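To keep things clear, I will list the structure first and then write my remarks on it.
The analysis underlying the following values was restricted to heavy atoms, covering all of them including side chains, and did not include hydrogens, waters or symmetry mates. Residue numbers begin at 1 in each chain, while the letters A, B, ... track the order of the sequences. Small disclaimer: the values here were computed from a predicted structure and weren't measured.
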2 protein chains.
Amino acid sequence: MDLRQLRYFLAVAEAGSFTAAAKSLHVSQPALGYQVKQLEERYGTPLLERHSRGIRTTKAGAVLAEHARKIMGEVEAAEAALGKMRKTPQPVLSLGVTPTPGRAIAPELVAASALGAGPKIALREGLSDELARLVLAGELDAALCYDPQGVERLSPVPLYSEDLYLVGPPNLVGAQGDLAFADLARLPLVLDGSFQAGRRLIEQAARERGMSLDLIEAEAVTVKRELLVRHGRCSIVPLGLFYEEIRAGQLAARRLTDPAVSRSLVLITRAQLPAARRRELENALQPLVTSRIAAGELAWRHPSP
Amino acid sequence: MDLRQLRYFLAVAEAGSFTAAAKSLHVSQPALGYQVKQLEERYGTPLLERHSRGIRTTKAGAVLAEHARKIMGEVEAAEAALGKMRKTPQPVLSLGVTPTPGRAIAPELVAASALGAGPKIALREGLSDELARLVLAGELDAALCYDPQGVERLSPVPLYSEDLYLVGPPNLVGAQGDLAFADLARLPLVLDGSFQAGRRLIEQAARERGMSLDLIEAEAVTVKRELLVRHGRCSIVPLGLFYEEIRAGQLAARRLTDPAVSRSLVLITRAQLPAARRRELENALQPLVTSRIAAGELAWRHPSP
DNA sequence: AGGAGCTATAAATAGTTTTTATAGCTCCCA
DNA sequence: TGGGAGCTATAAAAACTATTTATAGCTCCT
């Protein structure tokens, strides 16, 4: 018996399927199958009933899950106890985040990283292409960003993809519901100059339709907010960025369609960073991202791939 | 954190030294050092103070040991619970034992193997050379025996070595204390024909001293006992073999010296048996052997290596 | 019947642990 | 105070274990 086996087994039992658990653990599905099978062979009893729609625990599986939770609890307690007795400072992992995820998950992330056994996380805010550059240069260990060009070398791991919205004064943006891309032609826009993924997608879609956009450029979020709220401009951004203002009725938002414009939030990591550390980070980030979505603060949806 | 790390750490903490723990776990000393270091690095605090005479736990080490014991306890509980729900029969491991260890440890061993996660042990009794032959032929998975000749291929692992005693009627054997080998000349002996290690050692020592021995041969333990108790003969055997009779005063025993005659109890295993299974077996046998020694039933002493 | 959505299997790769061999330290004792 | 016994540390090679990738096969649903 092995903590990894228990952790994998528990994830599968709780997710209700190997595939789902594999996604949440950032591990391949056969890896889970292998470890669960080891457990089953060792103790001579099936733990999971496999169906074509997922799995269900057997009686023995339920018993093991119970014990496994207790064991994992004890392990956490041990780690917490040790965490309080550190002599050496916690290793620091520098993580870049873009504004939207920054608002949504950063505080929780930093708080969580201060305890426990993992590295302490030092945050830095920036836009996607800037963060990618810093990761490439080795000045950041990792970054959460909207996959800019030429980041294949940084083995991007998609966490989620999200749709972009037209956001602006209620009188300009108009009714609820989706908005066809073509309708952007009549609107005064403000777009981010370095907004690689989003900006590129938007301009390309406009070019394909022969549209010309009435746009000015602004990078800083505070500047953009002023332009939207006080100067009657609109922008194309993820819902989360101006979530508060939208809830307050200061701004309105409509999802773009035809084509829908969406971009993926990915985690990129320094090439040298060991795979185990990388996975640790993914596993720390994933639930935070997921929980912010559940809380409705980010209008993200699950990634297609 | 990892159960292996906890197990190793605990063994070292309890044994008071890496070297001693390595012996009891049947693992090399650097393997322990490596795993403990992993723990220490991960949690940023030393767990053990290293001295030239062994180790002592630090404060953090003591805390971890406490937690580790609890965790290991939970793990055992989980294994026991699963063990009761087996659907598939436990795999069977066939183990040969010679008479002395057979008497001392076999019952406990078989009882222990019926529970838990390890294989079920099927015992077979025999003398060393016979057992070695069966292991070589693949008819036994492993055997506890007194290293006979030509067993190098079976990677013998020494568990203990023991001194041989002259045992016989009190009036012949005489006073307490050691007995010089030369004094055997005057005694009527009964030795085991196939008693490879012991018999060979004895005959060689006699040859070197130009002694001739008054001996007859008998293999079966019951026959030997009759010859000693009722027919006034003596034998050269490990103390454990006639422990009951000696305690009862029917027979007397004196350790041979000058030269002392001793032989090693080793575990031999089928060459194909995976290393992990082999170590599992060693780890199951070792404490049983040790506890029988502590109980005084076997007059063995620790091996020199 | 066909397709979506699972799990199983196999082969190659990557990663970790163990061993073997040796160096270096500390204490004890003559 | 030097020598030796008994530890732990370190490094390189070998053995082992886990993960991925790619694909096959199954079951349910329409």
Compile the donor-acceptor pairs under 3.5 Å between side chains in residues 29-39 of chain B and protein atoms, sequence neighbours left out, one pair per line.
unit_1 : atom_1 : unit_2 : atom_2 : d
B/Q35  : OE1    : B/Q5   : NE2    : 3.4

#### Entry: Rounded distance in Å - CG (B/L32) to C1' (C/dT19)
12 Å
#### Entry: Pairs satisfying salt bridge (charged side-chain N to carboxylate O under 4.0 Å, His left out), at least one member in residues 264-273 of chain A, at least two apart
A/D141-A/R270
### Query
Do any pairs count as a salt bridge (charged side-chain N to carboxylate O under 4.0 Å, His left out) and have a residue in residues 47-65 of chain B, sequence neighbours left out, and if so which ones?
B/E40-B/R50
### Query
For residues 20-31 of chain B, which residue pairs qualify under salt bridge (charged side-chain N to carboxylate O under 4.0 Å, His left out), counting only residues two or more places apart or in two chains?
none
### Task
Using side-chain contact (heavy atoms from CB on, under 4.5 Å) as the criterion, list what pairs up with B/T57, not counting sequence neighbours.
B/A13, B/L48, B/A62
### Test side-chain contact (heavy atoms from CB on, under 4.5 Å) applied to B/V135 - qualifying residues, sequence neighbours left out
B/L140, B/A143, B/L154, B/I268
### Task
Within residues 3-17 of chain B, find the residues that approach DNA chain C with a heavy atom at under 4.0 Å, and present them sorted by residue number.
B/R4, B/Y8
### Query
So how far off straight is the helix from C/dA1-D/dT30 to C/dA30-D/dT1, going by the axes through five pairs at either end, to 10°?
20°
## Note on the structure
For A/T257, the side-chain contact (heavy atoms from CB on, under 4.5 Å) test, sequence neighbours excluded, returns A/D178, A/R255
Under 3.5 Å, N/O pairs linking protein and nucleotides 9-16 of chain D:
unit_1 : atom_1 : unit_2 : atom_2 : d
D/dA9  : OP1    : B/R50  : NE     : 2.8
D/dA9  : N7     : B/Q29  : NE2    : 3.1
D/dA9  : N6     : B/Q29  : OE1    : 3.3
D/dT10 : OP2    : B/K37  : NZ     : 3.3

### Query
Could you give all pairs that pass the side chain to side chain donor-acceptor pair (under 3.5 Å) test and reach residues 60-77 of chain A, with sequence neighbours left out?
A/E14-A/R69
### Message
How many whole angstroms separate atom CZ of B/R56 from atom C1' of D/dC7?
### Response
15 Å
#### Entry: Atom-to-atom span, CD of B/Q35 to P of C/dG15 - whole angstrom
18 Å
Scan nucleotides 26-30 of chain D against the protein and return all N/O pairs shorter than 3.5 Å with their distances rounded to 0.1 Å.
unit_1 : atom_1 : unit_2 : atom_2 : d
D/dC28 : O4'    : A/S52  : OG     : 3.4

